[in-house]
Amino acid sequence: MSTYNLKYESIKELPNSGLITCQSPSNIALVKYWGKKSVQIPTNPSLSFTLKNCHTSTSIKFIKKERFSFEFKINNQNKPEFIPKLDTFFSRIKDWVPFIFNYNIEINTENTFPHSSGIASSASGFSALSLAISQLEQKITGISEIEKYTKASFISRLGSGSASRSLYGPCAIWGVHEDVKNSSDEYAIEHSSVNHIFESYQDTILLIDKGIKKISSTVGHDLMNNHPYSKQRYHQAYRHLKELITVLESGDLEQFILLTEKEALTLHAMMMTSNPYFILMKEGTLSTIKKVWDFRKDTKIPLSFTLDAGANVHLLYPIDYQQSVMDFINSDLIVFCENQQYIC
Ligand code: 2P0
């Protein structure tokens with residue numbers, strides 16, 4: 001789909017008011033997006049698993065008004081701290097969804113996962129809001145379901161890059177890759193040719209540190225622009241994406257683990273070698289990784305980890321090993337979790 005087709009074109013009358021509610025999950029990148037150009041264009045393609053148990057539900061209540069305005073609430077409580085990011089989002093999407101500027105919009109969101117848990121809610125949050133906005137466009141113009149999701153992914157990207165991938169599952173790819181048909185830097189696409197083992201693959205998130213990050217992802221992305229290893233990193237991610245597609249199809253768990261753990265550690269290596277350098281992992285992150293490696297060696301259970309831009313650890317494993325992994329978490333890893341919390 002070309003960008004031209006995503007432009008809003010309608011002379012139809014707008015509804016006076018209404019309420020739309022949409023849900024969207026979070027996602028975890030296996031090949032990481034780390035580095036971007038203006039506006040929200042990734043410097044390498046990324047591939048994610050969709051986390052269907054961690055989602056945001058967002059409703060937009062819209063009433064026609066002379067001037068555009070919006071309110072933002074989480075669980076019905078005003079959250080002014082999110083207004084600047086939403087202001088940026090609305091200014092970026094205005095040429096693509098101009099109809100919303102005829103309304104006062106009350107945005108109300110709820111997450112199934114705990115707020116302030118150190119889990120990025122921006123992916124599920126922006127994708128749920130974007131889906132609600134493109135659903136309103138569908139109501140006005142009658143765009144197809146496919147167009148609705150593409151548009152939602154496109155405008156989600158303008159809110160938060162990783163959000164563009166949340167609209168699709170079990171996996172999504174965002175960013176142009178010559179081997180991926182229809183791939184785009186402007187929106188994500190579904191990636192569903194995966195071996196059955198990955199359809200039910202588990203992700204348990206160990207909440208090592210629930211605090212707010214000292215360095216935002218936006219700053220981290222920007223630091224890639226003058227990074228001494230950025231070129232090599234972008235090439236590596238491009239290569240990894242192609243390799244991971246093959247692995248996801250074959251179900252080769254050994255290669256899956258090698259690739260995804262390398263991606264996680266490279267992401268953090270980029271942070272540790274940027275200028276200024278920084279570390280988001282905590283002692284508990286490293287202790288967990290060491291324990292996971294020992295457990296895998298001793299039991300031959302294909303348990304692996306990946307990391308987001310933070311201290312929390314995502315444990316990845318086939319569903320058949322769920323009981324053994326839960327026993328291991330409760331006996332060996334729970335001590336590294338803040339308030340002994342983890343999310344399945
Ligand atoms: C990812 N992350 O692929 C990477 C890996 C975190 C680590 O994208 O600036 O909130 O809003 O586009 O999407 C987190 O950054 O950044 C992220 P913006 P975003 O998921």
Side-chain angles (χ1 to χ4, degrees), residues 24-51 54 119-120 122-124 126-127 130 149-150 152-194 198 201 203 217-218 220-225 227 229-249 256 258-271 280 304-310 314 316:
S24 187
S26 187
N27 70 80
I28 178 71
L30 300 176
V31 173
K32 313 291 182 183
Y33 147 57
W34 201 242
K36 63 178 165 181
K37 300 173 273 188
S38 191
V39 177
Q40 298 288 97
I41 296 296
T43 40
N44 65 259
S46 57
L47 188 156
S48 55
F49 264 162
T50 307
L51 305 177
C54 286
I119 297 192
S122 65
S124 55
F126 274 112
S127 56
S130 300
Y149 276 90
T150 308
S153 176
F154 180 97
I155 59 174
S156 296
R157 179 198 107 236
L158 296 170
S160 184
S162 53
S164 65
R165 296 186 308 241
S166 273
L167 278 311
Y168 300 103
C171 296
I173 293 174
W174 168 43
V176 171
H177 194 291
E178 61 182 346
D179 293 328
V180 183
K181 212 172 143 221
N182 298 327
S183 57
S184 169
D185 283 343
E186 297 186 304
Y187 48 83
I189 56 170
E190 179 180 304
H191 181 67
S192 53
S193 40
V194 300
F198 292 117
Y201 224 66
D203 180 339
S217 290
T218 300
H221 285 294
D222 284 348
L223 290 175
M224 286 303 281
N225 289 327
H227 196 292
Y229 308 134
S230 57
K231 232 191 191 151
Q232 294 93 321
R233 163 60 196 153
Y234 302 149
H235 285 138
Q236 182 201 44
Y238 198 84
R239 228 176 32 245
H240 279 172
L241 191 116
K242 184 182 169 138
E243 289 168 16
L244 187 59
I245 287 172
T246 307
V247 164
L248 287 174
E249 213 164 313
F256 175 81
L258 279 175
L259 256 174
T260 52
E261 291 192 344
K262 195 192 285 179
E263 270 293 309
L265 294 177
T266 304
L267 169 71
H268 285 259
M270 291 298 107
M271 300 173 191
L280 294 182
S304 64
F305 71 88
T306 189
L307 304 168
D308 218 336
H314 289 245
L316 303 173

Within a strict 4.5 Å, meaning less than it, do heavy atoms of the [X] and [Y] side chains meet?
X    : Y    : result
L244 : T260 : yes
L30  : H240 : no
L307 : L280 : no
F256 : L316 : yes
Y238 : P45  : yes
L258 : V247 : no
S153 : S130 : no

Step by step, work out the side chain to side chain contact (heavy atoms under 4.5 Å, CB included) result for D203 and I28.
CA-CA 9 Å; D203 180 339; I28 178 71; 3.3 Å; yes
Qualifying residues under salt bridge (Lys or Arg N to Asp or Glu O under 4.0 Å), relative to [X], sequence neighbours excluded:
X    : value
D185 : none
E261 : R296
K37  : none

Going by the rule ring-ring contact (aromatic ring centres under 6.0 Å, His included), which residues pair with [X] if we only count those two or more places apart in sequence or in a different chain?
X    : value
H191 : none
H268 : none
Y33  : W174, H221

Side chain [X], main chain [Y], donor-acceptor under 3.5 Å:
X    : Y    : result
E186 : F154 : no
H227 : M270 : yes
N225 : S230 : no

Check against side chain to side chain contact (heavy atoms under 4.5 Å, CB included), C171 and V194:
CA-CA 8 Å; C171 296; V194 300; 3.9 Å; yes
Got more than 12 heavy atoms from elsewhere within 6.0 Å of OH, Y201?
yes
In sequence, state the C-alpha distance, the side-chain angles, and the governing distance for Y187 and R157, and then conclude on side chain to side chain contact (heavy atoms under 4.5 Å, CB included).
CA-CA 7 Å; Y187 48 83; R157 179 198 107 236; over 6 Å; no
Please report the shortest heavy-atom distance between [X] and [Y], naming the atom on each side.
X    : Y    : value
N27  : S48  : OD1-CB, 3.4 Å
S122 : S160 : OG-OG, 3.3 Å
A309 : S217 : CB-OG, 3.9 Å

Test the R165-Y168 pair against the cation-pi criterion, namely NZ or CZ under 6.0 angstrom from the six-membered ring centroid and within 45° of the ring axis.
no
Dump the intermediate steps for side chain to side chain contact (heavy atoms under 4.5 Å, CB included) on L167 and S24, then the final yes or no.
CA-CA 7 Å; L167 278 311; S24 187; 4.2 Å; yes
Are a donor atom and an acceptor atom from the side chains of R233 and Q236 found within less than 3.5 Å of each other?
yes
